[in-house]
Amino acid sequence: MEMKNRGDKVTTAVGHSNIALVKYWGKRDNDLNLPNNSSISITLDDEVKTTTSVVFSDMLRGDKFFINGNLQKEDTSNEKNMFMRKVLNDMRRMAGTESKALIVSENSFPESSGMASSASGAATLVFALSNALGLGYDNRQLSIISRKISGSACRSVYGGIVKWQRGSRKDGSDSYAMQIAKPSDWPDLVDVIAIVDPSKKKVSSSRGHALTVATSPLYKVRAGFAEKNVEEIELAVDRKDFGALATTIMRDSNNMHATMLDTWPPIMYLNDISRDIIYAVHEMNEQNGKVLAAYTFDAGPNAHIITMEKNRHSVLEKLGEISGIKRIVTARIGEGPRIVSDNLIDIERLAPLLR
Ligand code: PMV
């Protein structure tokens, strides 16, 4: 089968998941994914990566997406799937081509389990598409486009410690991410990820954002608290003050999960093992007389324990006391997306599927 257009070239990118230190939860615009508050995250490394290969060809009759080996059907009930198709159409139009795309994407970690697979997936896809289509978008443009697929994705466009500024414009042109520290500025930061449940979450984050905004009385104070936390984290990063960083991380995670519990009907992403981990981290910090580690949870029960390399063993030891943890992955602070030469598309093997 002959693959045409843009030199039959397969473009492959690798990008990373991020873990929010100050959480984004709740949108002021559902179509553009505009947040009610600014947020901050750490971009992680190849331990939690997405690899995405893209090829455009006139031989394809329609766009085809494979995620972790599964062909994605057009699904109007899946917001992120629909936003992804819209972004593909917009970028194709910008590049002045009508060729259809074959996109194959694989994550190194479980999908939809509060491990920001959509953030990693969307940022890597947009980066791969911009390169494959020769659009040459800069990071700010990539951040704004990624945001439209999955809000938290706009932060995975950068490496290091990243801030997504809320912005105030209605069209979202000032709601994008920026790097506030390079990976080399704080290279010994570690994220010990305790996977307690790799299955798909019960309430999608898209639905969760909307339900909390619509029903939680506590949510009314969330935005102000989060903006204050953003300032505190920026200061802690500037001073390399781990104790202040860690305390703010834990308080912000607890505050977001409190608004989730306050949602009607309630959303509970944490489970009993997550709670055991929370108590264990507090116990460990108290026993040491200083804050050595911080827990944080996205929209799922899996714990992210942020610590420094020198305290990683103490964290692992403490986690060893808890039963029910299925797997531990240790990720470090990583870079933004990059182009790689190994690709996931074997055109010959896929040819029958494409006819
Ligand atoms: O980007 P979304 O729509 O999947 O929302 C992600 C929200 C959290 O992961 C819970 C927090 C965050 O800022 O990443």
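Residues take their numbers from the sequence shown, with the count starting at 1. Order of appearance sets the numbers: ligands from 1, and atoms from 1 within every ligand.
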Under 3.5 Å, is there a donor-acceptor pair between the [X] and [Y] side chains?
{"X": "Lys49", "Y": "Thr124", "answer": "no"}
{"X": "Glu47", "Y": "Ser108", "answer": "no"}
{"X": "Asn18", "Y": "Ser156", "answer": "yes"}

Next on the checklist: Less than 4.0 Å is my threshold; does some heavy atom of Ser206 fall inside it relative to ligand 1?
Outcome noted: no
Next on the checklist: Just to verify, what does Tyr24 make a ring pair (Phe, Tyr, Trp, His ring centres under 6.0 Å) with, not counting sequence neighbours?
Outcome noted: Trp164, His209
Tell me which part of [X] gets within contact of ligand 1: side chain, backbone, both or neither, using heavy atoms under 4.0 Å.
{"X": "Lys80", "answer": "side chain"}
{"X": "Ser152", "answer": "both"}
{"X": "Glu79", "answer": "neither"}
{"X": "Ser118", "answer": "side chain"}

Checklist entry - Are any of the side-chain heavy atoms of Leu71 and Lys64 separated by less than 4.5 Å? => result yes
Per-atom contacts of ligand 1 with [X], taking only distances under 4.0 Å to non-hydrogen atoms:
{"X": "Ser205", "value": "2 (P), 3 (O), 4 (O), 5 (O)"}
{"X": "Ala20", "value": "12 (C), 13 (O), 14 (O)"}
{"X": "His209", "value": "2 (P), 3 (O), 5 (O)"}
{"X": "Ser150", "value": "1 (O), 2 (P), 4 (O)"}
{"X": "Ala299", "value": "10 (C)"}

Item to check | Contact (N/O only, under 3.5 Å) between Lys27 and ligand 1 | outcome: no
Checklist entry - Does an N or O from Lys23, backbone or side chain, lie closer than 3.5 Å to an N or O of ligand 1? => result no
Item to check | Considering all heavy atoms, the nearest Gly26-Val213 contact | outcome: CA-CG2, 3.5 Å
Item to check | Lys80/Asp75 ion pair, N-O < 4.0 Å | outcome: no
Checklist entry - Given a cutoff of under 4.5 Å between side-chain heavy atoms of I, L, V, M, F, W and Y, with clusters grown through shared members, what are the other residues clustered with Ile144? => result Tyr176, Met178
